[in-house]
Colleague: 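I have a structure I would like to understand better, so I am pasting it below and will then ask my questions one at a time.
Numbering starts at 1 and runs along the sequence shown.
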Amino acid sequence: VDADGHLIAAPDLIRFFDYFFVDSGEVDDAEIRRRIEAAIDARLDEPARGEARELFEKYLEYRAAAARLFAAGGGEESLAGRIAAVDELRRAAFGDDADSLFGSDLEHARVAAEIRAAAADPELSEEQRAALIEEMAARLPDDVRAAIEASPALRWKAQNVQAWKSGDKSLAPRARRTARPRGEAK
């Protein structure tokens, strides 16, 4: 909420709504809706309360549109095409607020799709592929890079890539067999 009491569009709002939808399937949609509206009413005063309820209505429309899109086969066949289709739905539902609400997620998805495509490109050498993936990973949003650094399993994988790139081709396969972080499946 800003100094004038208006709601600020931010990714936390979407996470707030999503938190309640974890109970989907166990609790009917009307009850989830009631819980979200009660939480909005308990946390916010006007005008932010009304703006949050309006944003929630847009969010419900977006969820319904996304469900229809994916029930019909997910739209585009390529990952990049599906990302673009979801972005289009978000922009239709949220207008100018789409970037504030989903910008980091969108950039993460785009970079992940590019990394996936580079990893599967048979025309790249292993060195070219590793360099391209590292360059793309540097474009990940700060919060995603911080999560990777905080995750032992992801940090372990990054260290293996670095070892392989430094010329130790034997380390990565051996590490996969013997040096997994605690709890990671083989």
Colleague: If two hydrophobic side chains count as joined below 4.5 Å and joins carry through other members, does Phe17 share a cluster with Val27?
Modeller: yes
Colleague: Can you name the nearest heavy-atom pair linking Leu89 to Ala66, along with the distance?
Modeller: CD1-CA, 3.6 Å
Colleague: Would you say that more than 12 heavy atoms from the other residues, nucleotides or ligands in this model lie under 6.0 Å from the CZ of Arg116, or not?
Modeller: no
Colleague: Any non-hydrogen side-chain atom of Asp29 less than 4.5 Å from a side-chain atom of Arg33?
Modeller: no
Colleague: Any chance you could measure Asp97, atom CG, to Glu51, atom CD, to the nearest 0.5 Å?
Modeller: 10.0 Å
Colleague: What's the separation between atom CG in Asp121 and atom CD in Glu114, rounded to the nearest 0.5 Å?
Modeller: 12.5 Å
Colleague: Determine the minimum heavy-atom distance between Arg139 and Glu107, stating which atoms define it.
Modeller: NH2-OE2, 3.8 Å
Colleague: Going by side-chain contact (heavy atoms from CB on, under 4.5 Å), Arg90 matches just one of Asp105, Asp99, Leu101. Which one?
Modeller: Asp105
Colleague: Working to the nearest 0.5 angstrom, can you tell me the gap between Leu60 CG and Lys58 NZ?
Modeller: 12.5 Å
Colleague: Is the closest basic N to carboxylate O distance between Arg129 and Glu126 below 4.0 Å?
Modeller: yes
Colleague: Working to the nearest 0.5 Å, report the span between CD of Glu37 and CD of Glu57.
Modeller: 6.5 Å
Colleague: Thinking salt bridges, do Arg35 and Glu31 make one under a 4.0 Å N-O criterion?
Modeller: yes
Colleague: Taking atom CD of Gln128 as the centre, report whether more than 12 heavy atoms of other residues, nucleotides or ligands fall under 6.0 Å from it.
Modeller: yes
Colleague: List the steps, then state whether side chain to side chain contact (heavy atoms under 4.5 Å, CB included) holds for Leu55 with Phe94.
Modeller: CA-CA 8 Å; Leu55 183 68; Phe94 299 101; 3.5 Å; yes
Colleague: Applying side chain to side chain contact (heavy atoms under 4.5 Å, CB included), run through Asp87 and Phe102 and close with a yes or a no.
Modeller: CA-CA 9 Å; Asp87 183 44; Phe102 300 101; over 6 Å; no
Colleague: Determine whether a donor-acceptor pair (N or O, by modelled atom type, separation under 3.5 Å) exists between the side chain of Asp2 and the backbone of Asp4.
Modeller: yes
Colleague: Please report the closest heavy-atom contact between Phe16 and Ala39, naming both atoms and the distance.
Modeller: CZ-CB, 3.5 Å
Colleague: If hydrophobic clusters are built by linking Ile, Leu, Val, Met, Phe, Trp and Tyr wherever their side-chain heavy atoms come under 4.5 Å apart, do Phe21 and Tyr19 end up in the same one?
Modeller: yes
Colleague: List the atom of Ile83, the atom of Ala109, and the distance in Å for their closest heavy-atom pair.
Modeller: CD1-O, 3.2 Å
Colleague: Within a 6.0 Å radius of atom CG on Asp96, are there more than 12 heavy atoms belonging to other residues, nucleotides or ligands?
Modeller: no
Colleague: For Ile40 and Ala52, work out which heavy atoms get closest and say how close.
Modeller: CG2-CB, 3.8 Å
Colleague: Leu69 versus Glu88: any side-chain heavy-atom pair under 4.5 Å?
Modeller: no
Colleague: Does Leu7 reach the side chain of Leu13, with side-chain heavy atoms less than 4.5 Å apart?
Modeller: yes
Colleague: Please evaluate residues Arg49 and Asp41 with respect to the criterion salt bridge (charged side-chain N to carboxylate O under 4.0 Å, His left out), reporting the C-alpha separation (whole Å), side-chain torsions for both, the decisive distance (0.1 Å), and the verdict.
Modeller: CA-CA 6 Å; Arg49 178 185 299 145; Asp41 291 347; 3.7 Å; yes
Colleague: Could you report the tightest heavy-atom contact between Ser100 and Pro11, atom names first, then the distance?
Modeller: O-CD, 3.1 Å
